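Residues take their numbers from the sequence shown, with the count starting at 1. Just so we're clear, the structure is a prediction, and the values are computed from it rather than from any experiment.
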Amino acid sequence: MAGFLLKRLAQAVFVVMVVTLIVSVAVRMTGDPAMMIAQGATDITEADLERIREGLGLNEPFLSQYLATLSGLFTWDFGRSFLGGTPVSTLIGNALPATLLLAFTSLLVSIVISIPLGIRAAIRRGKWEDQLIRILSLVGLSFPNFWLATMLVLLFSITLQWLPPSGMNGIASFIMPAVTMGIILTATNVRLVRTSMLEVMQSQYIMVARAKGLSERTVLYKHALRNCAIPLITFLGLQFGGLLGGIVVVERVFNWPGMGSLAFDAVAGRDYPVLQSVIMILSTLIVLVNLLVDIAYGLIDPRIRTE
C-alpha cells in the first residue's frame, strides 16, 4: 500500500505541475495586466507601464515566476493580487471553504436522491416506476446548470420569495445552489446505479443470499449495493472535477463567494497570481479526491485490497 500511495502521489505532483505550467502560459497570452491596471488613467506613458510591470514582478524570467507560483502550494504564499494588493492566500482562504461546502453539499444531495431512485428503478425494471425515473433522469440531464439556476431564482426568490436570491447567508442560501448542481449530478447517478444494480442482481451470491432467507432490504442494501458501489465511487470522483468546473457558473448566478467567482474576477482583471493559484488549488483537490477514490476501492472490495 505504501508503494502504491507513493506512486500515486508522484503522479499527482506531476499532474499539478503540468496543469500549472499550461495555465501560466495561457494566462500570459490574454493581455498585459499593466494595461488593465492603467485603464482610465490619463497621460500614461510607456515608462509608467514599465514601472508597473517591474512592481508586479512581470519582468522576471518566466521560469522564476512559475517556480514562485508552484512553491506557493507548499508555503501557502501565492504573492499578492495585482488588483488591490491583497495576499492571494487570504482571498483563497476566504473562498475555498465556501466552494468545498457547496460542492460536497451538492454531492450529498445527489447521493441521497440517486441511490434510492436507482435501486427502485432496478427492482421495478420495465414497470411504470422504472419508466418514470428514467424519463425524469433524462429530463435532468437536459437542463443546463445556468438555466436551471436562473429558473430557481425566478421561482423561489422573485415570485414566491421563499429563499434568498444570492449570497451565503445561512442554511437557506445553500438550497438553490446545491439543488442546481445536485439535480444534474443525480440525473447521471440514477442511471448508473440502476445499470449496476441490474448487473449485480443477476449474480449467484445474490441468489444465495435470498435462499438463506435474508430480507430483501438486506440483500439490496448490504450485498448488492456494496458490490455496485465501485463504479459509483469511480464516477463520483470524476464528477468532483466536473463539479468544480461547472460550479463557476452557478457561483456567478447566485453571487456565491467561492473559488469560481474569484477565478472569474481574476480572468476579467488579468490577475495572474490569483488565477494561477485558484487553478493550482482546484487541480490539486481533484487529484487528491481521485487518490482517495483509489484507496476507497480497497476498503469496499477486499479482492482489490488483496491485489
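Transitive grouping of hydrophobic side chains (ILVMFWY, heavy atoms separated by less than 4.5 Å) brings Met181 and Leu192 into a common cluster. No continuous path of ILVMFWY side-chain contacts below 4.5 Å connects Phe14 to Leu285, so the two sit in separate hydrophobic clusters. There is a path of hydrophobic side-chain contacts, each under 4.5 Å, that joins Val278 to Val289. No continuous path of hydrophobic side-chain contacts links Val190 to Val139 [ILVMFWY only; heavy atoms under 4.5 Å]. Residue Ile113 is not grouped with residue Ile123 when hydrophobic side chains (ILVMFWY) are merged at heavy-atom distances under 4.5 angstrom, including chains of intermediate members.
If you take CG on Leu101 and CG on Leu96, they are separated by 11.0 Å, rounding to the nearest 0.5 Å. Leu107 CG to Ile111 CD1: the interatomic distance, rounded to the nearest 0.5 Å, is 6.0 Å. In this structure, CH2 on Trp147 lies 8.5 Å from CG on Leu152, to the nearest 0.5 angstrom. Note: Leu262 CG to Ile281 CD1 = 11.0 Å, rounded to the nearest 0.5 Å. Within the model, atoms CG of Leu117 and CD of Glu129 stand 10.5 Å from one another, a figure rounded to the nearest 0.5 Å. Separation of atoms CD1 (Ile133) and CG (Leu138) is listed at 14.0 Å; rounding is to 0.5 Å.
In this structure, Ser81 and Val88 approach most closely via the heavy-atom pair N-CG2, 3.7 Å. The two residues Gly93 and Pro97 have their closest heavy-atom pair at O-CD, 3.1 Å. Nearest approach of Gly182 to Val109, heavy atoms of both residues: CA-CG1, 4.3 Å. Shown here for Ser157 and Met176, the closest heavy-atom pair between the two residues is OG-CE, 3.0 Å. For the residue pair Pro177 and Ser173, the shortest heavy atom distance occurs at CD-O, 3.2 Å.
When each of Leu102, Leu91, Leu282, Leu100 is paired with Met259, the side-chain contact (heavy atoms from CB on, under 4.5 Å) condition holds for Leu282 and for no other. Checking each of Arg125, Arg124, Arg194 against Asp130 for a side chain to side chain donor-acceptor pair (under 3.5 Å) leaves exactly one that passes, namely Arg194.
Around CE of Met207, the count of heavy atoms belonging to other residues, nucleotides or ligands within 6.0 Å does not exceed 12. Crowding of Glu199 atom CD: a count of heavy atoms from other residues, nucleotides or ligands under 6.0 Å not exceeding 12.
One N or O on the side chain of Ser137 and one on the backbone of Arg134 form a donor-acceptor pair closer than 3.5 Å. Between the side chain of Thr159 and the backbone N or O of Leu154 there is at least one donor-acceptor pair closer than 3.5 Å. The main-chain N or O of Ser106 is never found under 3.5 Å from a side-chain atom of Ser110 such that the two would form a donor-acceptor pair. Checking side-chain atoms of Thr186 against main-chain N and O of Ser114 turns up no donor-acceptor pair under 3.5 Å. Side chain of Trp256 to backbone of Ala98: a donor-acceptor contact under 3.5 angstrom is found.
You'll find the side chain of Leu108 reaches within 4.5 Å of the side chain of Val112, heavy atoms only.
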Practice problem: Would you please test Asn255 and Arg252 for side chain to side chain contact (heavy atoms under 4.5 Å, CB included) and show each step? | Solution: CA-CA 5 Å; Asn255 195 26; Arg252 293 301 295 179; 5.9 Å; no

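The ring-ring contact (aromatic ring centres under 6.0 Å, His included) analysis of residues 109-139, with sequence neighbours excluded, yields no pairs.
Ring geometry for Phe156 versus Trp162: interplanar angle of 30 to 60°, hence tilted.
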